[in-house]
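Structure first, then comments.
Numbers restart at 1 for each chain; the letters A, B, ... are given by sequence-line order, proteins then strands.
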There are 2 protein chains.
Amino acid sequence: MAKSIKLSKINPEAPKGFEKEATIKKTKELVTKIGELSEKLYAEKKHNLLIVFQGMDASGKDGVTKNVMLKIPAVVIDAHSFKKPSEEEFAHDFLWRVNQYSPAKGQIKIFIRSHYEDILIQRVHNWIDDKKVKQRMKSINAYETTLAQDNNTTILKFYLHLSHERQLEKLDERLTDPTKQWKHNPADYEESKLWDQYMKCYEYAINESEIPWHIVPSNQRWYRNYFVAQIVHDTLKKLKPEYPLLPHDGKTKS
Amino acid sequence: MAKSIKLSKINPEAPKGFEKEATIKKTKELVTKIGELSEKLYAEKKHNLLIVFQGMDASGKDGVTKNVMLKIPAVVIDAHSFKKPSEEEFAHDFLWRVNQYSPAKGQIKIFIRSHYEDILIQRVHNWIDDKKVKQRMKSINAYETTLAQDNNTTILKFYLHLSHERQLEKLDERLTDPTKQWKHNPADYEESKLWDQYMKCYEYAINESEIPWHIVPSNQRWYRNYFVAQIVHDTLKKLKPEYPLLPHDGKTKS
């Protein structure tokens with residue numbers, strides 16, 4: 001990789017000059033446009049999108065999906081949240097379960113967590129050794145390249161970059177806010193203690209990826225949503241999806 | 001690749017010194033042992049096998065599967081015959097449909113035709129260009145490497161090597177033998193005219209594969225079956241599958 005990133009050097013705060021209310025308004029406009037563009041993508045069936053969200057607990061993977069993808073019709077979008085693998089999934093190679101959710105032409109697939117977990121949580125806990133990590137990184141790059149080359153897939157990978165302090169605040173919110181208590185999991189506090197190890201493993205995954213990552217400053221939800229919405233919007237716009245038209249006489253199908 | 005094969009230089013006949021009845025008897029013994037070993041493989045759930053059969057029409061992909069895998073219990077084996085891709089399959093990358101049938105630990109999966117068709121029939125008919133062929137070959141090698149490294153999969157690839165003359169004889173048998181008429185397809189004679197192009201594409205696939213192929217002399221069914229049975233048997237035997245035993249006191253589960 002040409003450039004090597006260090007997460008501790010990247011600011012997780014919204015940059016100066018962004019005003020909250022104005023940014024939320026801009027995000028709403030982008031979200032509407034994303035919805036319109038996604039319908040054309042679906043009608044045209046030339047391109048497709050795979051959007052990967054990774055980040056520590058409480059970084060907002062579900063939240064950003066909910067807010068940014070709000071206007072994409074259900075027939076176009078599918079969001080899959082990868083949890084602990086099942087016994088059947090563990091009996092296969094690590095890409096088996098992920099591959100089943102690869103996007104078809106015209107689709108937008110969201111991975112909330114992804115194949116990267118197999119070199120993150122598994123590495124932090126030493127369930128796999130460095131040799132396996134290296135092999136898997138190679139497999140991941142090959143898998144993503146196959147999608148891009150063979151099915152015209154555009155892959156957007158977002159790391160939701162949160163400070164450790166902000167994570168603990170957000171985990172604590174879950175203890176008090178009655179609309180968030182369902183998200184509370186005592187194990188999240190245990191994983192949070194492994195913060196530095198996680199950062200190292202994330203840096204490896206980001207630096208060794210052939211298809212680049214977007215590092216999303218995520219300490220403020222409103223800025224995080226805006227950042228992602230802008231990239232998704234610009235990506236869709238560049239694909240120039242168009243409704244396929246009938247041929248000139250309007251009666252025969254070309 | 002270290003060695004480059006030329007199919008026209010390889011004899012598709014049974015080698016001298018093999019007597020038909022004695023060979024059939026030996027094959028039967030191997031088939032029984034394959035069945036026994038496969039039960040241990042399933043019980044142990046450490047290893048798994050992917051067996052790929054490729055070859056021209058009438059080369060005996062179905063026949064060899066039927067005869068050699070006869071004693072493998074249904075719960076251990078799954079044979080999938082890859083036909084023309086569906087609309088949904090075509091809307092994905094070419095490995096998507098194949099990946100769903102990747103073996104789990106303890107399983108033996110048979111691919112009758114496979115991901116190689118995507119650089120064989122598609123290349124012969126110029127549905128894809130050479131750049132795409134090269135990309136796909138790279139994707140195939142990466143896919144097979146992932147299975148081998150990440151899931152302990154042993155991949156056996158067999159090219160059923162038939163002479164063009166013998167193919168035409170066997171296609172003609174389908175016109176007269178009432179137990180074979182259901183296999184007759186006039187399109188097979190059309191594909192047969194593209195023999196030389198197919199051989200070139202097969203040679204490319206075989207020579208560029210990282211995991212090597214077995215070239216099976218297939219002009220005689222009995223020798224073809226023996227050849228494959230021997231390799232499947234020896235492969236299973238080398239994996240040394242064993243029934244897992246209870247721990248010493250026989251009461252607790254280790």
- Which atom pair, heavy atoms only, marks the closest approach of B:Pro103 to A:His92? O-CD2, 3.5 Å

- Search all heavy atoms of B:Gln100 against all heavy atoms of A:Trp96 and return the closest pair with its distance. O-NE1, 3.4 Å

- If we only count heavy atoms from C-beta on, is the B:Thr145 to A:Ser139 side-chain gap below 4.5 Å? no

- Taking C-beta and beyond as the side chain, do B:Arg136 and A:Asp150 meet within less than 4.5 Å on heavy atoms? yes

- Message: Heavy-atom pairs under 4.5 Å with chain B: which of A:Asn48, A:Asn151, A:Asn152 has the most?
- Response: A:Asn151

- Query: Between A:Ile128, A:Thr146, A:Thr153, which shows the greatest number of heavy-atom pairs under 4.5 Å with chain B?
  - Reply: A:Thr146

- Task: Look only at the side chain of A:Lys138 and the backbone of B:Ala142, and say whether a donor-acceptor pair between them is shorter than 3.5 Å.
- Result: no

- Segment of A:Tyr143 engaging chain B (4.5 angstrom heavy-atom cut-off): neither

- Query: For A:Arg97, is it the side chain, the backbone, both or neither that has a heavy atom under 4.5 Å from a heavy atom of chain B?
  - Reply: neither

Does atom [atom1] ([X]) have a neighbourhood of more than 12 heavy atoms from anything else shown, all under 6.0 Å?
| X | atom1 | answer |
| --- | --- | --- |
| B:Lys33 | NZ | no |
| B:Lys46 | NZ | no |
| B:Lys45 | NZ | yes |

- Rounded to the nearest 0.5 angstrom, the CG-OG distance for B:Leu95 and A:Ser102 is 9.5 Å

